Participant: 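This is the structure I have questions about; it appears just below.
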Amino acid sequence: MFRLAREKNVILLEAVRTVFDPGMEIIKNNMERLGAIRKAAFVFCQYSSRYDSFKEGKEHNIFRRECSAGALMDIGVYSVHMMLQLLGKPEAVRGFSVMLHGDIDGAGTILAKYEDKIAEVSYSKITNSALPNELQGENGVMQFHGSANSPENVKIIFRDGKEEVLYHRETENDMKYELEHFLRMIHGEESSEIHVQRSLDGLELMDEVRRQCGIVFPADE
């Protein structure tokens, strides 16, 4: 699809709104203040409104192998993209999944190994989490919350206990930011290549996690 988009001179963009959020620039621009980053955690766990009826036997597309669905593909992808955007492509990954009836994943964890750090991606459609996302450096830790992993509150807690709020906003429709970037790409004011490569890296990473966890879709054939 990306190859065809280039041939037709059009923009194809994966709609991962997290990476276009203005809070992400603030996070990236302040990461060096943490010193050497050694650990990171990216969390997106949201109890699905369809899960209760799924447990009662009702079928939903988001819990069907035939729709190439499940927790990793539906919401884990957001945290994967955030990790790739902030830390780059890892050297190796190890995936673990909680499988539901119908051979679909309801929750999972990805451990990613970098040369000098380790990152954890945690996602779930069958539980909630109150944990923040974290970047842990030798000088301090950066925490940020937000629905769908779009950062709404960003702060640094330094090693001496001092805290500094870097970014705050009330919950809003954060899909507008990816639309603004998309329009700039269409008008030639911004390149889409970095986003294309991150999408390809993300697919490669998630395919490997699915292979390790035995998550197989009919479309894989």
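This is a predicted model, so every value here is computed, not measured.
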Participant: Are the side chain of Asn128 and the backbone of Tyr47 linked by a donor-acceptor contact shorter than 3.5 Å?
Facilitator: yes
Participant: When you compare the side chains of Glu193 and Gln197, does any donor N or O come within less than 3.5 Å of an acceptor on the partner?
Facilitator: no
Participant: Kindly check if the number of other-residue, nucleotide or ligand heavy atoms within 6.0 Å of NZ (Lys39) is above 12?
Facilitator: no
Participant: For residues Tyr167 and Pro22, report the shortest heavy-atom separation together with the two atoms involved.
Facilitator: OH-CG, 3.6 Å
Participant: Please tell me whether Tyr114 and Val209 are part of a single hydrophobic cluster in this structure, the criterion being side-chain heavy atoms less than 4.5 Å apart.
Facilitator: yes
Participant: Does a side-chain heavy-atom distance below 4.5 Å link Asn30 with Met142?
Facilitator: yes
Participant: If you measure from OG on Ser192 to CD1 on Ile186, what distance do you get to the nearest 0.5 Å?
Facilitator: 10.5 Å
Participant: Can you check whether Ile37 reaches Leu86 side chain to side chain, under 4.5 Å on heavy atoms?
Facilitator: no
Participant: For His60 together with Tyr51, are the ring centres under 6.0 Å from each other?
Facilitator: no
Participant: Around atom CZ of Arg38, are there more than 12 heavy atoms from other residues, nucleotides or ligands closer than 6.0 Å?
Facilitator: yes
Participant: Got a second to check how far Phe44's CZ is from Ile75's CD1, nearest 0.5 Å?
Facilitator: 5.0 Å
Participant: Please indicate whether Ile194 has more than 12 foreign heavy atoms, meaning atoms of other residues, nucleotides or ligands, lying under 6.0 Å from its CD1.
Facilitator: no
Participant: For the residue pair Val121 and Ser79, what are the closest heavy atoms and their distance?
Facilitator: CG1-CB, 3.5 Å
Participant: Counting only heavy atoms from other residues, nucleotides and ligands, does the tally under 6.0 Å from CZ of Arg33 exceed 12?
Facilitator: yes
Participant: So which atom in Ile110 and which in Leu72 form the shortest heavy-atom distance, rounded to 0.1 Å?
Facilitator: CD1-CD1, 4.1 Å
Participant: Do Phe54 and Lys125 have side chains that get closer than 4.5 Å, going by heavy atoms?
Facilitator: no
Participant: Any chance CD of Glu32 has more than 12 other-residue heavy atoms, nucleotides or ligands included, within less than 6.0 Å?
Facilitator: no
Participant: Are any side-chain N or O atoms of Arg65 and backbone N or O atoms of Val216, one a donor and one an acceptor, separated by less than 3.5 Å?
Facilitator: yes
Participant: Show the nearest heavy-atom pair for residues Ala69 and Phe217, with the distance to one decimal.
Facilitator: O-CZ, 3.2 Å
Participant: Which one of His181, His187, Glu180 satisfies the side-chain hydrogen bond (donor to acceptor under 3.5 Å, both in side chains) criterion with Arg184?
Facilitator: His181
Participant: Within 45 degrees of the ring normal and closer than 6.0 Å to the centroid, is that where the cationic atom of Arg17 sits relative to Tyr78?
Facilitator: yes
Participant: Could you report the tightest heavy-atom contact between Leu12 and Val196, atom names first, then the distance?
Facilitator: O-CG2, 4.2 Å
